[in-house]
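Here is the structure we will look at.
What you see is a predicted model, and the numbers here were worked out from it, not measured in a lab. Lettering of chains follows the sequences in order, A, B, ..., and the numbering in each one begins at 1.
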Amino acid sequence: MAPLYGALRKLRSRNILQFPCISCCRSLASVTKSHKTPPLLYHANKKISHLIRIGRLSEARALFDSMNQRNTVTWNSMMSGYVHRREIAKARQLFDEMPQRDIVSWNLIISGYFSCRGSRYIEEGRKLFDEMQERDCVSWNTVISGYAKNGRMKEALKLFDAMPEPNVVSSNALITGFLLNGDVDSAVESFRRIPVRDSASFNALISGLVRNGELNVAAKILHECGEGDDGKDDLVAAYNTLIAGYGQKGMVEEARCLFDEIPDYQGEDGNKSERRFRRNVVSWNSMMMCYVKTGDIVSARELFDRMTERDTCTWNTMISGYVQVSDMEEASKLFIEMPSPDALSWNSIISGYSQNGDLGLAKDFFLRMPNKNLISWNSVIAGYEKNEDYNGAIELFSQMQLEGERPDRHTLSSVLSVCAGLVDLYLGKQIHQFITKIVLPDMPINNSLITMYSRCGAIADACIVFNEMKLYKDVITWNAMIGGYAFHGLGSEALELFKVMQRLKIHPTYITFISVLNACAHAGLVEEGRRQFSSMIKDYGIKPRIEHFASLVDILARQGQLQEALDVIKSMPFKPDKAVWGALLGGCRVHNKVEFAQLAAEALIRLEPESSAPYVLLYNMYANLGQWDDAERVRVLMEKNNVKKQTGYSWVDS
DNA sequence: GTAGGGTTAG
């Protein structure tokens, strides 16, 4: 008896056998039945399911239509193709047309309805379930998991209690459902109530806990897993999930501890050990990803080199690691070396070159890529936008639509930034219209809209978007609006909004303070500016960047406090850049402080010898003061340095 | 042919 019991346990843990239930007997019956199927029909059925598996649905349908003999399996296979594609109407049509239905037909159509979004479909699925004459445990599991996946736990639990024989699959579905709703306690309780847990029980619980940020609970459960768990010898997937979860939070050390806990058995001659709980390729990939996420490319590479078995994901992770640290040479080396690059590999390389400013290579790879997808288009469009080749971005955007690729929120967000860069309000409004037609504007999209409108001079439209966001705002939203006000010289509005933000206890970022300081400059508030500058450091622990110093210099210089501004420049821990000297020079012009102007202009000329602006400014100042000798000296210097005066241009589109 | 779950790109 004992060996038989052991064999049963082994089968169970491999998901071949579960709780005793009708479906097992039924599936055995259908196996024997398939032997009676005429060979031609049997092969045609196999062909249909193969075509569906590789995603060639229309070919499968053509074959289905051409068959002069079909059995229930034929109809069911065809139906499953539509169910997978969420084409529920077509699946339903087959269901209604088929001459004979078995339990699988019913289960299929019900699962189809439950995997469609919208309560309409769920009700229809439920109606069919209620109409069933005979149900097996798959029917129950389908409906329970259907409710759970849609977050409707009340109905799921009711059915769970009503089912004739509870089984581990439905319990697992409940766990997933609870965690989808963030109900950690109920999930853990359901888990504890399962008499014999399998590996999917652990996976469902651990992955849900990780998604809810409950890493400590997950680790505890994983370590206390006990006797009576069929899944306990196959916990590697759950370990992998938690490793990845730690990686997401940057907790590399915890991840490494877990990784080291998984045995790395390799039998003699490098053969894989019989033991099932051992590191697999996903464990290595996940651990590598942790290092990649924290920018520790050396440790990631170390693991990569130690791996005896690599899959596409391994290569892609390593490539994306090099992309992140801008080592495109190594990234493309791996890309060439890897056995069969997939869409993800191509896209990593494309976005890598895009982000690192090599648009030519990005487009080269993009054009050579065999099956471009939405992400490929988005990567290359974002690259053009980031590198300020706005017209190139727009060209790609229209090209993409000509080729039948539908833009999504990522595309549209990039295109909005393009409109902002081009200062093209007309185009921006068109894109806004387009957006409302095809996606629900979410936070990132709304944020891009605010930036676009304010950069294009339509501050009122920016306000409308901002106010429509009501409760759903993040720091970026606030930064965009405050920055918009500051950009338009509406200093007091910007400061007022900043106060509201502080009252709501939203933590500002360094970007917020760039806008706040700019607002102070525009509003002529010297004391307020100094106060905000030190509040940034003291109250919020934000280290001032050179942009903040530039703003502070701007604030002081505009008010004619040029000596104070110069003191700031001398005391700051950065080498003053164009913006800093530019701010000083701007103040000098307004207040006719020629001695400071000379200092600032000379510094600017050293930084950018080809720019005519500082020469012109200095020349005009001397001229205004009647110091014609000095003015002439500037003009000669300009000629000597071969600088041409550029014709002015306005950057505001009418 | 139907039910529960792990890693990578914009």
Listing, residues 175-184 of chain A side-chain donor-acceptor contacts under 3.5 Å, not counting sequence neighbours, or none:
| residue | atom | partner | partner atom | Å |
| --- | --- | --- | --- | --- |
| A:T176 | OG1 | A:N172 | O | 3.1 |
| A:N181 | ND2 | A:G151 | O | 3.2 |
| A:D183 | OD1 | A:S186 | N | 3.2 |
| A:D183 | OD1 | A:S186 | OG | 3.0 |
| A:D183 | OD2 | A:S186 | OG | 2.7 |

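With sequence neighbours left out, the side-chain hydrogen bond (donor to acceptor under 3.5 Å, both in side chains) criterion links A:E261 to A:H223, A:Y239. A:D96 meets the salt bridge (charged side-chain N to carboxylate O under 4.0 Å, His left out) test with A:R92; sequence neighbours excluded. Taking the ring-ring contact (aromatic ring centres under 6.0 Å, His included) definition, one finds that A:Y353 meets it with A:F365, sequence neighbours left out. Under the ring-ring contact (aromatic ring centres under 6.0 Å, His included) criterion, A:Y291 pairs with no residue at all, not counting sequence neighbours. When the ring-ring contact (aromatic ring centres under 6.0 Å, His included) test is applied to A:Y113, no partner is found at least two apart in sequence or on another chain.
When rounded to the nearest whole Å, the span between CG of A:D136 and C1' of B:dT2 equals 8 Å. Rounded to whole Å, atom C1' of B:dG6 lies 17 Å from atom CH2 of A:W284. The NE2-P distance, from A:H84 to B:dT2, rounds to 6 Å in whole Å. As a whole-Å value, the separation of A:I103 CD1 from B:dT2 P is 15 Å. Spacing between atom OH of A:Y291 and atom P of B:dT7 amounts to 19 Å, rounded to whole angstrom units. Taking atom CZ on A:F95 and atom C1' on B:dT2, their separation rounds to 12 Å, with Å as the unit. Distance, A:N203 CG to B:dT7 C1': 13 Å, rounded to whole Å. Per the geometry, OH belonging to A:Y322 stands 17 Å off P belonging to B:dA9, to the nearest Å.
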Checklist entry - Does the pair A:D364 and A:R368 meet the rule for a salt bridge (charged side-chain N to carboxylate O under 4.0 Å, His left out), with working shown? => result CA-CA 6 Å; A:D364 262 11; A:R368 273 169 38 203; 5.5 Å; no
Next on the checklist: Between A:E337 and A:K333, is the salt bridge (charged side-chain N to carboxylate O under 4.0 Å, His left out) condition met? List the steps.
Outcome noted: CA-CA 6 Å; A:E337 205 183 315; A:K333 223 160 111 188; over 6 Å; no
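Side-chain atoms of A:Y246 and A:V252, non-hydrogen and from C-beta on, never get closer than 4.5 Å to each other. Here the side chains of A:V281 and A:N285 are in contact, with some heavy-atom distance below 4.5 Å. Here the side chains of A:Y322 and A:M328 are not in contact, with every heavy-atom distance at 4.5 Å or above. Between A:W284 and A:R306, the closest side-chain pair of non-hydrogen atoms falls below 4.5 Å. With contacts defined as side-chain heavy-atom distances shorter than 4.5 Å, the pair A:N280/A:N240 qualifies. At a threshold of 4.5 Å between non-hydrogen side-chain atoms, the residues A:W75 and A:R101 do not count as touching.
Within a heavy-atom distance below 4.0 Å of DNA chain B, the residues of residues 46-57 of chain A found are A:S49, A:R53. Residues of residues 371-379 of chain A that place a heavy atom closer than 4.0 Å to DNA chain B, in numerical order, are A:N373, A:L374, A:I375, A:N378, A:S379. Within residues 144-151 of chain A, the residues having any heavy atom closer than 4.0 Å to DNA chain B are, in order of number, A:S145, A:K149. Of the residues in residues 346-353 of chain A, those placing a heavy atom less than 4.0 Å from an atom of DNA chain B are A:N347, A:S348, A:S351, in numerical order.
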Item to check | Which nucleotides of DNA chain B pair, in dot-bracket form (Watson-Crick or G-U under 3.5 Å, | meaning another strand) | outcome: ..........
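At the heavy-atom level, A:Q324 lies nowhere under 4.0 Å from the strands shown. Within 4.0 Å of A:D342, counting heavy atoms only, lies no atom of the nucleic acid at all. The residue A:D408 sits close to a base: some heavy atom pair falls under 4.0 Å.
Distances shown here put every side-chain N or O of A:S80 at or beyond 4.0 Å from the OP1 or OP2 atom of B:dT2.
Within the structure, every pair that satisfies the salt bridge (charged side-chain N to carboxylate O under 4.0 Å, His left out) test and touches residues 77-90 of chain A, not counting sequence neighbours, is listed here: A:E87-A:K90.
Side-chain proximity of A:T317 to B:dT8, B:dA3, B:dG5: nearest is B:dT8. Counting only heavy atoms from C-beta on, A:H410 has its side chain closest to B:dG10 among B:dG6, B:dG10, B:dT7. Proximity note for A:T176 (side chain, C-beta onward) versus B:dG6, B:dT2, B:dG5: the nearest is B:dG5. Of the candidates B:dG5, B:dT8, B:dG6, the closest approach to any side-chain atom of A:V236 belongs to B:dG6. Taking every side-chain heavy atom of A:S207 into account, B:dG5 is the closest of B:dG10, B:dG5, B:dT2. Picking from B:dA9, B:dG6, B:dT2 the nucleotide with the shortest atom distance to the side chain of A:M289 gives B:dA9. Picking from B:dG10, B:dT7, B:dA3 the nucleotide with the shortest atom distance to the side chain of A:V169 gives B:dA3. Here the nucleotide nearest the side chain of A:C137, chosen from B:dT8, B:dA3, B:dT7, is B:dA3.
Looking only at distances, no side-chain donor or acceptor of A:R279 sits under 3.5 Å from a matching main-chain atom of A:D264. Of the possible polar contacts, one joining the A:S49 side chain to the A:K46 backbone as a donor-acceptor pair under 3.5 Å is found.
Taking the ring centre of A:F366 as origin, the terminal cationic atom of A:K372 falls inside the region bounded by 6.0 Å and 45° from the ring axis.
Side-chain atoms of A:N280 come within donor-acceptor range of the base of B:dG6, with a qualifying N/O pair under 3.5 Å.
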